Amino acid sequence: MVSPWHVVCLAIIAVETVVGIAINTFMVVVKLLGLNNSKRINSVDVILIMLAFTGIAFQSTICLFNVFIFQYSGLQAAFKLRGAFNGLILFLGVTAFWFATCLSVFYCLRIVDFKHPLLSRLKTRLPVVIQRLLVGGAVISLVVSSPAVYFSLSQEYNHNMMSNLTANSTHERDAPGAPCYYIVISTLIGFCFPLVLGVTSSALIIISLCRHKRHMEQNLPSSSKARLEAHCKAAKTVVSQLFIYVFYFLIAMLIRQNNFQTASLEVTICWMVLLFTVAMAFILLIMGNTQLRRASESLLCTSKN
(Lines give C-alpha, C1' and ligand atoms only; values in the text may rest on other atoms or scores of the structure.)
Protein backbone atom coordinates (compact mmCIF):
# COMPACT_ATOMS: atom_id res chain seq x y z
CA MET A 1 0.00 0.00 0.00
CA VAL A 2 1.30 3.44 -0.98
CA SER A 3 1.80 5.83 1.93
CA PRO A 4 0.09 9.25 1.94
CA TRP A 5 3.52 10.89 2.15
CA HIS A 6 4.50 9.20 -1.10
CA VAL A 7 1.44 10.65 -2.82
CA VAL A 8 2.20 14.10 -1.37
CA CYS A 9 5.78 13.94 -2.69
CA LEU A 10 4.56 12.93 -6.13
CA ALA A 11 2.11 15.83 -6.11
CA ILE A 12 4.93 18.23 -5.16
CA ILE A 13 7.07 16.81 -7.99
CA ALA A 14 4.23 17.50 -10.42
CA VAL A 15 3.89 21.09 -9.18
CA GLU A 16 7.67 21.63 -9.35
CA THR A 17 7.69 20.31 -12.91
CA VAL A 18 4.94 22.70 -14.01
CA VAL A 19 6.67 25.66 -12.34
CA GLY A 20 10.06 24.66 -13.77
CA ILE A 21 8.69 24.32 -17.30
CA ALA A 22 7.03 27.74 -16.97
CA ILE A 23 10.31 29.33 -15.82
CA ASN A 24 12.33 27.78 -18.63
CA THR A 25 9.71 28.60 -21.24
CA PHE A 26 9.80 32.21 -20.05
CA MET A 27 13.59 32.25 -20.49
CA VAL A 28 13.37 30.83 -24.00
CA VAL A 29 10.63 33.24 -25.11
CA VAL A 30 12.42 36.32 -23.74
CA LYS A 31 15.74 35.36 -25.29
CA LEU A 32 14.25 34.46 -28.67
CA LEU A 33 12.30 37.72 -28.78
CA GLY A 34 15.47 39.57 -27.88
CA LEU A 35 17.34 37.82 -30.67
CA ASN A 36 14.57 38.68 -33.12
CA ASN A 37 14.78 42.36 -32.19
CA SER A 38 18.53 42.76 -32.03
CA LYS A 39 19.41 40.38 -34.89
CA ARG A 40 22.54 39.52 -32.92
CA ILE A 41 23.29 36.50 -30.78
CA ASN A 42 25.95 36.27 -28.09
CA SER A 43 27.39 33.38 -26.17
CA VAL A 44 25.37 34.03 -22.99
CA ASP A 45 22.10 33.87 -24.94
CA VAL A 46 23.15 30.58 -26.55
CA ILE A 47 24.05 29.05 -23.17
CA LEU A 48 20.84 30.24 -21.49
CA ILE A 49 18.64 28.99 -24.34
CA MET A 50 20.36 25.60 -24.35
CA LEU A 51 20.09 25.40 -20.55
CA ALA A 52 16.39 26.28 -20.69
CA PHE A 53 15.57 23.64 -23.30
CA THR A 54 17.58 21.06 -21.37
CA GLY A 55 15.81 22.06 -18.15
CA ILE A 56 12.38 21.57 -19.72
CA ALA A 57 13.31 18.10 -20.95
CA PHE A 58 15.04 17.15 -17.69
CA GLN A 59 12.20 18.21 -15.40
CA SER A 60 9.54 16.61 -17.62
CA THR A 61 11.47 13.34 -17.81
CA ILE A 62 11.92 13.13 -14.02
CA CYS A 63 8.20 13.72 -13.48
CA LEU A 64 7.22 11.08 -16.05
CA PHE A 65 9.76 8.66 -14.58
CA ASN A 66 8.30 8.98 -11.08
CA VAL A 67 4.76 8.51 -12.39
CA PHE A 68 5.93 5.47 -14.36
CA ILE A 69 7.68 3.91 -11.35
CA PHE A 70 4.69 4.64 -9.14
CA GLN A 71 2.19 3.05 -11.54
CA TYR A 72 3.98 0.38 -13.58
CA SER A 73 7.21 -0.69 -11.82
CA GLY A 74 5.79 -4.14 -11.07
CA LEU A 75 5.06 -5.08 -14.68
CA GLN A 76 7.45 -7.56 -16.28
CA ALA A 77 7.54 -5.60 -19.55
CA ALA A 78 8.37 -2.31 -17.84
CA PHE A 79 12.13 -2.87 -17.55
CA LYS A 80 12.75 -1.65 -21.11
CA LEU A 81 11.15 1.70 -20.40
CA ARG A 82 12.96 1.88 -17.08
CA GLY A 83 16.29 1.44 -18.84
CA ALA A 84 15.39 4.15 -21.34
CA PHE A 85 14.40 6.50 -18.51
CA ASN A 86 17.69 5.82 -16.69
CA GLY A 87 19.73 6.68 -19.77
CA LEU A 88 17.69 9.76 -20.68
CA ILE A 89 17.74 11.21 -17.15
CA LEU A 90 21.50 10.69 -16.91
CA PHE A 91 22.03 12.27 -20.34
CA LEU A 92 19.92 15.35 -19.54
CA GLY A 93 21.37 15.70 -16.04
CA VAL A 94 24.98 15.58 -17.24
CA THR A 95 24.17 17.90 -20.16
CA ALA A 96 22.64 20.49 -17.84
CA PHE A 97 25.67 20.21 -15.57
CA TRP A 98 28.04 20.81 -18.50
CA PHE A 99 26.00 23.73 -19.86
CA ALA A 100 26.05 25.41 -16.45
CA THR A 101 29.82 24.94 -16.40
CA CYS A 102 30.00 26.61 -19.82
CA LEU A 103 28.39 29.68 -18.28
CA SER A 104 31.07 29.82 -15.58
CA VAL A 105 33.81 29.39 -18.20
CA PHE A 106 32.30 32.17 -20.32
CA TYR A 107 32.30 34.68 -17.46
CA CYS A 108 35.79 33.59 -16.46
CA LEU A 109 37.22 34.20 -19.94
CA ARG A 110 35.25 37.42 -20.20
CA ILE A 111 36.24 38.94 -16.87
CA VAL A 112 39.70 37.60 -15.97
CA ASP A 113 42.78 39.11 -17.65
CA PHE A 114 45.03 36.21 -18.61
CA LYS A 115 48.74 36.60 -19.33
CA HIS A 116 49.30 33.10 -20.65
CA PRO A 117 49.33 33.13 -24.49
CA LEU A 118 47.01 30.12 -24.81
CA LEU A 119 44.42 31.54 -22.42
CA SER A 120 44.66 34.95 -24.07
CA ARG A 121 43.97 33.31 -27.42
CA LEU A 122 40.94 31.52 -25.98
CA LYS A 123 39.71 34.88 -24.70
CA THR A 124 39.85 36.40 -28.19
CA ARG A 125 37.95 33.41 -29.65
CA LEU A 126 35.35 33.24 -26.92
CA PRO A 127 32.25 32.48 -29.09
CA VAL A 128 34.03 29.57 -30.78
CA VAL A 129 35.28 28.23 -27.44
CA ILE A 130 31.77 28.32 -25.94
CA GLN A 131 30.22 26.63 -28.97
CA ARG A 132 32.76 23.82 -28.80
CA LEU A 133 32.25 23.44 -25.06
CA LEU A 134 28.49 23.16 -25.56
CA VAL A 135 28.83 20.57 -28.31
CA GLY A 136 31.55 18.73 -26.39
CA GLY A 137 29.42 18.63 -23.25
CA ALA A 138 26.46 17.17 -25.18
CA VAL A 139 28.70 14.53 -26.81
CA ILE A 140 30.30 13.58 -23.48
CA SER A 141 26.84 13.31 -21.92
CA LEU A 142 25.70 10.99 -24.71
CA VAL A 143 28.79 8.80 -24.36
CA VAL A 144 28.43 8.64 -20.57
CA SER A 145 24.70 7.91 -20.54
CA SER A 146 24.45 5.38 -23.39
CA PRO A 147 25.92 2.44 -21.42
CA ALA A 148 23.39 3.13 -18.64
CA VAL A 149 20.59 1.87 -20.87
CA TYR A 150 22.49 -1.33 -21.67
CA PHE A 151 23.39 -2.03 -18.05
CA SER A 152 19.85 -1.31 -16.91
CA LEU A 153 18.36 -3.68 -19.46
CA SER A 154 20.90 -6.47 -18.99
CA GLN A 155 20.81 -6.45 -15.18
CA GLU A 156 17.03 -6.23 -15.08
CA TYR A 157 16.88 -9.17 -17.52
CA ASN A 158 19.23 -11.21 -15.34
CA HIS A 159 17.17 -10.30 -12.28
CA ASN A 160 13.98 -11.50 -13.97
CA MET A 161 15.63 -14.76 -15.07
CA MET A 162 16.85 -15.50 -11.55
CA SER A 163 13.44 -14.61 -10.12
CA ASN A 164 11.72 -17.01 -12.50
CA LEU A 165 14.15 -19.79 -11.69
CA THR A 166 13.81 -19.39 -7.95
CA ALA A 167 10.08 -18.55 -8.05
CA ASN A 168 10.72 -15.62 -5.78
CA SER A 169 9.65 -12.79 -8.05
CA THR A 170 8.23 -9.82 -6.20
CA HIS A 171 6.05 -6.94 -7.26
CA GLU A 172 8.47 -4.24 -6.19
CA ARG A 173 12.11 -4.78 -7.06
CA ASP A 174 15.27 -2.82 -6.48
CA ALA A 175 16.38 -0.46 -9.20
CA PRO A 176 18.78 -1.96 -11.76
CA GLY A 177 22.35 -1.22 -10.92
CA ALA A 178 25.55 -0.88 -12.94
CA PRO A 179 29.16 -2.08 -12.56
CA CYS A 180 31.30 -0.10 -10.17
CA TYR A 181 33.84 0.82 -12.83
CA TYR A 182 31.12 2.39 -14.99
CA ILE A 183 29.70 4.37 -12.05
CA VAL A 184 33.17 5.68 -11.17
CA ILE A 185 34.12 6.61 -14.77
CA SER A 186 30.77 8.19 -15.60
CA THR A 187 30.79 10.15 -12.34
CA LEU A 188 34.31 11.46 -12.93
CA ILE A 189 33.71 12.45 -16.56
CA GLY A 190 30.08 13.48 -16.32
CA PHE A 191 29.96 15.25 -12.96
CA CYS A 192 33.33 15.67 -11.25
CA PHE A 193 35.23 17.15 -14.20
CA PRO A 194 32.67 19.89 -15.00
CA LEU A 195 32.30 20.57 -11.27
CA VAL A 196 36.07 21.09 -10.91
CA LEU A 197 36.06 23.26 -14.03
CA GLY A 198 33.20 25.34 -12.64
CA VAL A 199 34.87 25.72 -9.22
CA THR A 200 38.15 26.76 -10.88
CA SER A 201 36.40 29.32 -13.10
CA SER A 202 34.49 30.78 -10.17
CA ALA A 203 37.64 30.98 -8.05
CA LEU A 204 39.54 32.79 -10.82
CA ILE A 205 36.70 35.29 -11.21
CA ILE A 206 36.59 36.05 -7.48
CA ILE A 207 40.37 36.37 -7.21
CA SER A 208 40.53 38.67 -10.24
CA LEU A 209 37.73 40.93 -9.02
CA CYS A 210 39.11 41.14 -5.48
CA ARG A 211 42.57 41.97 -6.82
CA HIS A 212 41.51 44.74 -9.20
CA LYS A 213 38.33 46.14 -7.68
CA ARG A 214 39.99 48.78 -5.48
CA HIS A 215 42.28 49.92 -8.30
CA MET A 216 39.43 50.11 -10.80
CA GLU A 217 37.16 52.05 -8.44
CA GLN A 218 39.82 54.68 -7.74
CA ASN A 219 41.38 55.16 -11.16
CA LEU A 220 38.79 54.37 -13.81
CA PRO A 221 36.02 56.61 -15.19
CA SER A 222 32.33 56.12 -14.45
CA SER A 223 31.75 54.06 -17.60
CA SER A 224 34.38 51.56 -16.50
CA LYS A 225 32.90 51.51 -13.00
CA ALA A 226 29.58 50.51 -14.53
CA ARG A 227 31.39 47.69 -16.29
CA LEU A 228 32.93 46.67 -12.98
CA GLU A 229 29.46 46.51 -11.41
CA ALA A 230 28.29 44.30 -14.28
CA HIS A 231 31.25 42.00 -13.69
CA CYS A 232 30.47 41.83 -9.98
CA LYS A 233 26.86 40.87 -10.72
CA ALA A 234 28.10 38.19 -13.10
CA ALA A 235 30.44 36.89 -10.39
CA LYS A 236 27.57 36.74 -7.89
CA THR A 237 25.52 34.76 -10.40
CA VAL A 238 28.35 32.31 -11.02
CA VAL A 239 29.06 31.80 -7.32
CA SER A 240 25.37 31.31 -6.52
CA GLN A 241 25.09 28.82 -9.35
CA LEU A 242 28.15 27.04 -8.03
CA PHE A 243 26.60 26.46 -4.61
CA ILE A 244 23.36 25.29 -6.24
CA TYR A 245 25.15 22.81 -8.49
CA VAL A 246 27.31 21.45 -5.68
CA PHE A 247 24.09 20.60 -3.87
CA TYR A 248 22.69 19.22 -7.14
CA PHE A 249 25.82 17.07 -7.47
CA LEU A 250 25.39 15.63 -3.97
CA ILE A 251 21.72 14.77 -4.53
CA ALA A 252 22.48 13.23 -7.92
CA MET A 253 25.23 11.08 -6.40
CA LEU A 254 22.86 9.93 -3.66
CA ILE A 255 20.31 8.83 -6.26
CA ARG A 256 22.97 7.11 -8.35
CA GLN A 257 24.11 4.98 -5.43
CA ASN A 258 20.88 2.92 -5.69
CA ASN A 259 20.80 2.57 -1.92
CA PHE A 260 17.01 2.61 -1.88
CA GLN A 261 14.33 0.84 -3.83
CA THR A 262 13.38 2.58 -7.05
CA ALA A 263 9.82 3.39 -5.91
CA SER A 264 10.72 4.06 -2.28
CA LEU A 265 9.74 7.22 -0.44
CA GLU A 266 13.41 8.11 0.11
CA VAL A 267 14.20 8.20 -3.63
CA THR A 268 11.01 10.16 -4.34
CA ILE A 269 12.09 12.76 -1.77
CA CYS A 270 15.52 12.94 -3.45
CA TRP A 271 13.86 13.59 -6.82
CA MET A 272 11.68 16.26 -5.22
CA VAL A 273 14.69 18.04 -3.73
CA LEU A 274 16.59 17.73 -7.03
CA LEU A 275 13.76 19.38 -8.97
CA PHE A 276 13.60 22.19 -6.40
CA THR A 277 17.35 22.70 -6.76
CA VAL A 278 17.09 22.91 -10.56
CA ALA A 279 14.23 25.42 -10.31
CA MET A 280 16.26 27.60 -7.91
CA ALA A 281 19.20 27.50 -10.33
CA PHE A 282 17.05 28.87 -13.15
CA ILE A 283 15.53 31.55 -10.91
CA LEU A 284 19.06 32.70 -10.07
CA LEU A 285 19.87 32.78 -13.78
CA ILE A 286 16.90 35.07 -14.37
CA MET A 287 17.90 37.36 -11.51
CA GLY A 288 21.49 37.51 -12.74
CA ASN A 289 20.67 38.36 -16.37
CA THR A 290 19.62 41.95 -17.03
CA GLN A 291 17.28 41.17 -19.91
CA LEU A 292 15.54 38.32 -18.10
CA ARG A 293 15.29 40.26 -14.84
CA ARG A 294 13.71 43.28 -16.54
CA ALA A 295 11.28 41.05 -18.43
CA SER A 296 10.27 39.27 -15.22
CA GLU A 297 9.79 42.59 -13.39
CA SER A 298 7.67 43.88 -16.28
CA LEU A 299 5.60 40.69 -16.23
CA LEU A 300 5.05 40.97 -12.47
CA CYS A 301 3.97 44.62 -12.78
CA THR A 302 1.58 43.75 -15.58
CA SER A 303 0.05 40.90 -13.60
CA LYS A 304 -0.46 43.15 -10.56
CA ASN A 305 -2.19 45.79 -12.65
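What you see is a predicted model, and the numbers here were worked out from it, not measured in a lab.
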Which other residues belong to the hydrophobic cluster containing [X], where Ile, Leu, Val, Met, Phe, Trp and Tyr are joined when side-chain heavy atoms lie under 4.5 Å apart, directly or via other members?
X: Val29; answer: Leu33
X: Val18; answer: none
X: Val143; answer: Val135, Val139

Hey, could you give me the [atom1]/[atom2] distance between [X] and [Y], rounded to the nearest 0.5 Å?
X: Cys63; Y: Leu275; atom1: SG; atom2: CG; value: 7.5 Å
X: Ile283; Y: Ser296; atom1: CD1; atom2: OG; value: 10.5 Å
X: Glu266; Y: Leu254; atom1: CD; atom2: CG; value: 10.0 Å
X: Trp271; Y: Leu10; atom1: CH2; atom2: CG; value: 13.0 Å

Are side-chain heavy atoms of [X] and [Y] found at a separation under 4.5 Å?
X: Ile140; Y: Phe193; result: no
X: Thr187; Y: Cys192; result: yes
X: Phe282; Y: Ile286; result: no
X: Arg125; Y: Arg132; result: yes

Partners of Tyr248 by ring pair (Phe, Tyr, Trp, His ring centres under 6.0 Å), sequence neighbours excluded?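 If we apply the ring pair (Phe, Tyr, Trp, His ring centres under 6.0 Å) test to Tyr248, skipping adjacent residues, the hits are Phe97, Tyr245.
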Phe247: ring pair (Phe, Tyr, Trp, His ring centres under 6.0 Å) partners, not counting sequence neighbours: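 Residues passing ring pair (Phe, Tyr, Trp, His ring centres under 6.0 Å) with Phe247: none at all.
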side-chain contact (heavy atoms from CB on, under 4.5 Å) evaluation trace for Ile12 with Phe276: CA-CA 10 Å; Ile12 294 175; Phe276 177 78; over 6 Å; no
Pairing residues for Ser60 by the side-chain contact (heavy atoms from CB on, under 4.5 Å) criterion, not counting sequence neighbours: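 Partners of Ser60 by the side-chain contact (heavy atoms from CB on, under 4.5 Å) criterion, ordered by chain and then number, come out as Ile21, Ile56.
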For Ala295, give me all partners under side-chain contact (heavy atoms from CB on, under 4.5 Å), at least two apart in sequence or on another chain.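 Here the qualifying residues are Phe26, Val30.
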Sidechain-backbone polar pair: [X] side chain, [Y] backbone, donor-acceptor under 3.5 Å:
X: Asn24; Y: Gly20; value: yes
X: Thr101; Y: Pro194; value: yes
X: Tyr107; Y: Ser201; value: no
X: Ser202; Y: Gly198; value: yes

Only pairs at least two apart or in different chains count here, so list each salt bridge (Lys or Arg N to Asp or Glu O under 4.0 Å) that has a residue in residues 93-104.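 Qualifying pairs: none.
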Please list all pairs meeting salt bridge (Lys or Arg N to Asp or Glu O under 4.0 Å) that have one or both residues in residues 24-36, counting only residues at least two apart or in different chains.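 Those involving residues 24-36 are Lys31-Asp45.
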Does any pair with a residue in residues 8-18 pass side chain to side chain donor-acceptor pair (under 3.5 Å), and if so which ones, sequence neighbours excluded?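 Not a single pair qualifies under side chain to side chain donor-acceptor pair (under 3.5 Å).
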For Thr95, all residues meeting side-chain hydrogen bond (donor to acceptor under 3.5 Å, both in side chains), sequence neighbours excluded: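 Ser141.
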Ser186: partners by side-chain hydrogen bond (donor to acceptor under 3.5 Å, both in side chains), with sequence neighbours left out: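 Partners of Ser186 under the side-chain hydrogen bond (donor to acceptor under 3.5 Å, both in side chains) test: Arg256.
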Please report whether the ring centroid of Phe191 lies less than 6.0 Å from that of Trp98.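 When the ring centroids of Trp98 and Phe191 are compared, they turn out to be at least 6.0 Å apart.
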Run the numbers on Leu90 and Asn86 for side-chain contact (heavy atoms from CB on, under 4.5 Å), then give the verdict. CA-CA 6 Å; Leu90 182 59; Asn86 286 336; over 6 Å; no
Check Leu48, Val46, Ile47 against Met50 for a side-chain contact (heavy atoms from CB on, under 4.5 Å) and give me the one that passes.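 Result: among Leu48, Val46, Ile47, Val46 is the only option passing the side-chain contact (heavy atoms from CB on, under 4.5 Å) with Met50.
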